[in-house]
Amino acid sequence: MGVKAGKKRKHQVQSVESDEEEQLVLPPTTRTSDEPIPKKSKWINRQRVLVFAARGISNRDRHLMMDLRTLLPHCRTENKMEKKNLFVINEVCEVRHCNKVIFLEARLMRDLYMWLSNAPNGPSAKFLIENVYTMSELKMTGNCLKGTRPLLSFDKLFDEEPHYQVLKELIIQIFGTPNGHPKSQPFFDHVLTFSIHDHRIWFRNYQILGEDGALAEVGPRFVMNPIKIFDGSFTGATLWENPHFVTPAAHRRILNKHAVASKYANRVADKAHYELTRPKESYGLSDGNEIFEGDDALVKAKEILKKQSKEEEKEKKKQEKKPDKPAKKNAKKTVESLQATVKKAELKRQKLLRMRAERRQAKVAREAARLEVQ
């Protein structure tokens with residue numbers, strides 16, 4: 001009988017405790033608006049972009065890489081690597097836990113190439129970067145906070161052709177900051193625009209000034225000239241190749257050939273311009289052919305000498321008639337200026353003489369006082 005009573009007491013205590021726990025778990029019936037919204041501990045879209053470069057890039061290219069790192073809060077960095085085998089970048093991404101890559105490489109210290117890749121499965125695209133202007137170089141009026149999420153704006157031509165659609169999706173996944181990323185700010189204050197012109201993609205970064213749509217450019221700015229799109233990450237079959245692409249070396253060669261070939265054309269054009277603009281008559285100088293006009297050359301020469309003598313006499317008379325008032329005035333001024341300088345010099349000399357005499361008297365007085373003391 002005693003054992004059964006003890007069991008009944010324990011069961012009653014457990015039931016009371018379970019009722020109290022159920023009452024504590026119940027949520028509050030009302031919630032004030034002052035309570036903070038609970039933050040998400042994790043973000044769903046886990047995109048990490050590896051932004052780094054190969055050895056041999058110039059200082060401007062390095063500044064562009066740093067600007068891209070500031071624009072992408074979800075990026076990770078890596079040291080420079082040798083550009084012998086680009087397939088090793090996939091292993092670097094695996095070590096750094098990244099699934100997107102922006103890789104910069106330079107040729108001849110002046111031609112910059114950019115790779116955008118989806119590691120490790122692909123696709124990947126190669127671009128030639130032209131007209132690079134960094135943030136520190138532009139010094140624009142726009143300014144946006146670091147780590148904010150950007151709005152991506154694309155041209156209508158991105159939806160018309162299939163290779164542009166692939167590039168658009170690749171750009172969205174790389175440049176779009178994931179929602180809820182720990183290093184990002186939860187609002188939008190700048191726009192990244194990608195517009196197509198002359199078979200190239202033009203990149204611009206603008207600050208959103210207000211709700212009315214006013215914008216101010218921040219930087220950087222550059223032009224992406226697409227070369228090829230590959231099936232894999234830095235490898236694989238070529239899905240698309242730009243038929244309008246011209247290598248920088250070929251472009252420079254064409255410019256040099258055009259400059260050499262245009263020398264003759266420029267010379268002919270300058271000669272024709274000179275013939276058109278050359279004056280038909282000179283300053284009216286006699287070329288000496290007047291002496292050969294007529295029958296007798298001696299008589300003609302005497303007539304020419306008479307004309308010259310008459311002209312010389314006329315010029316002399318004109319000079320004699322002119323008054324010399326300005327010359328007299330100038331002479332008076334020069335005399336007065338000389339007199340003034342002489343007076344100043346004399347005053348200075350007298351002043352110096354007085355000072356010397358005063359110094360001598362003071363010296364004599366000091367000597368006399370010293371002798372009296374002795």
Side-chain angles (χ1 to χ4, degrees), residues 33-53 60-78 98-104 114 116 118 127 129-159 164-165 167-197 200-224:
S33 59
D34 297 334
E35 293 180 5
I37 299 172
K39 294 183 179 179
K40 294 181 180 179
S41 60
K42 296 181 181 179
W43 70 97
I44 299 171
N45 185 14
R46 290 178 172 270
Q47 296 288 341
R48 298 184 185 90
V49 183
L50 184 64
V51 182
F52 70 116
R60 178 177 288 181
D61 303 339
R62 186 175 67 255
H63 285 294
L64 176 63
M65 180 181 67
M66 299 304 294
D67 291 344
L68 291 175
R69 287 176 179 176
T70 56
L71 286 177
L72 306 176
H74 60 291
C75 75
R76 290 191 175 182
T77 60
E78 183 63 27
C98 297
N99 50 9
K100 299 293 183 295
V101 185
I102 297 178
F103 179 69
L104 302 176
M114 178 189 286
L116 300 181
N118 180 23
F127 301 89
I129 304 301
E130 301 170 339
N131 302 332
V132 177
Y133 296 95
T134 59
M135 285 185 185
S136 58
E137 188 178 0
L138 287 173
K139 295 182 180 178
M140 293 290 186
T141 58
N143 187 16
C144 58
L145 293 177
K146 186 177 180 181
T148 54
R149 299 180 64 199
L151 293 174
L152 302 181
S153 175
F154 291 91
D155 196 350
K156 293 181 180 179
L157 297 176
F158 276 99
D159 299 328
Y164 282 137
Q165 292 177 3
L167 293 176
K168 179 181 178 181
E169 186 62 29
L170 193 61
I171 290 169
I172 288 172
Q173 294 184 16
I174 290 176
F175 287 92
T177 303
N179 186 16
H181 192 275
K183 293 183 180 179
S184 66
Q185 301 289 340
F187 54 87
F188 302 90
D189 67 343
H190 65 285
V191 184
L192 301 180
T193 62
F194 299 89
S195 56
I196 298 173
H197 180 68
R200 292 172 174 82
I201 299 173
W202 299 67
F203 176 88
R204 295 290 184 272
N205 181 21
Y206 296 98
Q207 178 197 2
I208 302 173
L209 297 177
E211 296 180 357
D212 56 348
L215 301 175
E217 189 172 357
V218 182
R221 56 163 65 170
F222 54 88
V223 180
M224 304 164 65

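Hydrogens, waters and symmetry mates are skipped; everything else that's a heavy atom, side chains included, is used.
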Checklist entry - Is any side-chain heavy atom of Met114 closer than 4.5 Å to a side-chain heavy atom of Leu68? => result yes

Item to check | Separation of Lys100 NZ from Leu170 CG (nearest 0.5 Å) | outcome: 7.5 Å

Checklist entry - Would you call Arg69 and Phe52 a side-chain contact if the rule is heavy atoms closer than 4.5 Å? => result yes

Next on the checklist: Are Tyr133 and Phe222, when compared by the centres of their aromatic rings, separated by less than 6.0 Å?
Outcome noted: no

Item to check | Check against side chain to side chain contact (heavy atoms under 4.5 Å, CB included), Phe203 and Ile201 | outcome: CA-CA 6 Å; Phe203 176 88; Ile201 299 173; 5.9 Å; no

Checklist entry - Hey, mind stepping through Val51 and Arg76 against side chain to side chain contact (heavy atoms under 4.5 Å, CB included) and telling me if it holds? => result CA-CA 6 Å; Val51 182; Arg76 290 191 175 182; over 6 Å; no

Checklist entry - What is the distance from atom CD1 of Ile171 to atom CZ of Phe194, rounded to the nearest 0.5 Å? => result 5.0 Å

Next on the checklist: So His63 and Glu137, do their side chains get closer than 4.5 Å, heavy atoms only?
Outcome noted: no

Checklist entry - Do Ile102 and Leu116 touch side chain to side chain, with heavy atoms closer than 4.5 Å? => result yes

Next on the checklist: Suppose we screen for side chain to side chain contact (heavy atoms under 4.5 Å, CB included). Which residues come up paired with Asp155, at least two apart in sequence or across chains?
Outcome noted: Leu157, Phe158, Ser195, Ile196

Checklist outcome for this item: Heavy-atom closest pair (Arg221 atom, Leu138 atom, distance to 0.1 Å) is CG-CD1, 3.8 Å

Checklist outcome for this item: Leu50 and Glu78 have their tightest heavy-atom pair at CD1-CB, 3.9 Å

Checklist entry - If only atom types and distance count, is the side chain of His74 paired as donor or acceptor with the main-chain N or O of Ile174 below 3.5 Å? => result yes

Checklist outcome for this item: Shortest non-hydrogen pair, Thr134 vs Arg60, comes out as CG2-O, 3.8 Å

Item to check | Arg204 CZ to Leu192 CG distance, which is reported to the nearest 0.5 Å | outcome: 12.0 Å

Item to check | Shortest non-hydrogen contact from Thr70 toward Lys146 | outcome: O-CG, 4.3 Å

Item to check | Side chain Gln165, main chain Asp159, donor-acceptor under 3.5 Å | outcome: yes

Checklist entry - What distance separates Gln47 CD from Phe175 CZ, expressed to the nearest 0.5 Å? => result 13.5 Å

Checklist entry - Between Leu215 and Ile208, does a side chain to side chain contact (heavy atoms under 4.5 Å, CB included) hold up when you go through it step by step? => result CA-CA 5 Å; Leu215 301 175; Ile208 302 173; 4.2 Å; yes

Next on the checklist: With a 3.5 Å distance limit and no angle check, can you tell me whether Gln207 reaches the backbone of Asn143 through a side-chain donor-acceptor pair?
Outcome noted: yes

Item to check | Asp189 side-chain N/O to Thr148 backbone N/O, donor-acceptor pair under 3.5 Å | outcome: no

Next on the checklist: Give me the atom names and distance for the closest heavy-atom approach of Val132 to Leu64.
Outcome noted: CG1-CD2, 3.9 Å

Checklist outcome for this item: Looking only at heavy atoms, the pair that brings Val218 and Met135 closest together is O-CG, 4.4 Å

Next on the checklist: What's the separation between atom CD in Glu130 and atom CE in Met224, rounded to the nearest 0.5 Å?
Outcome noted: 11.5 Å

Checklist entry - Are Asn205 and Pro150 side-chain neighbours, meaning at least one heavy-atom pair lies under 4.5 Å? => result no

Checklist entry - Under 3.5 Å, side chain of Arg149 to main-chain N/O of Thr177, donor-acceptor pair present? => result yes

Item to check | Pairwise side-chain contact, Asn179 with Asn45, heavy-atom cut-off 4.5 Å (strictly under) | outcome: no

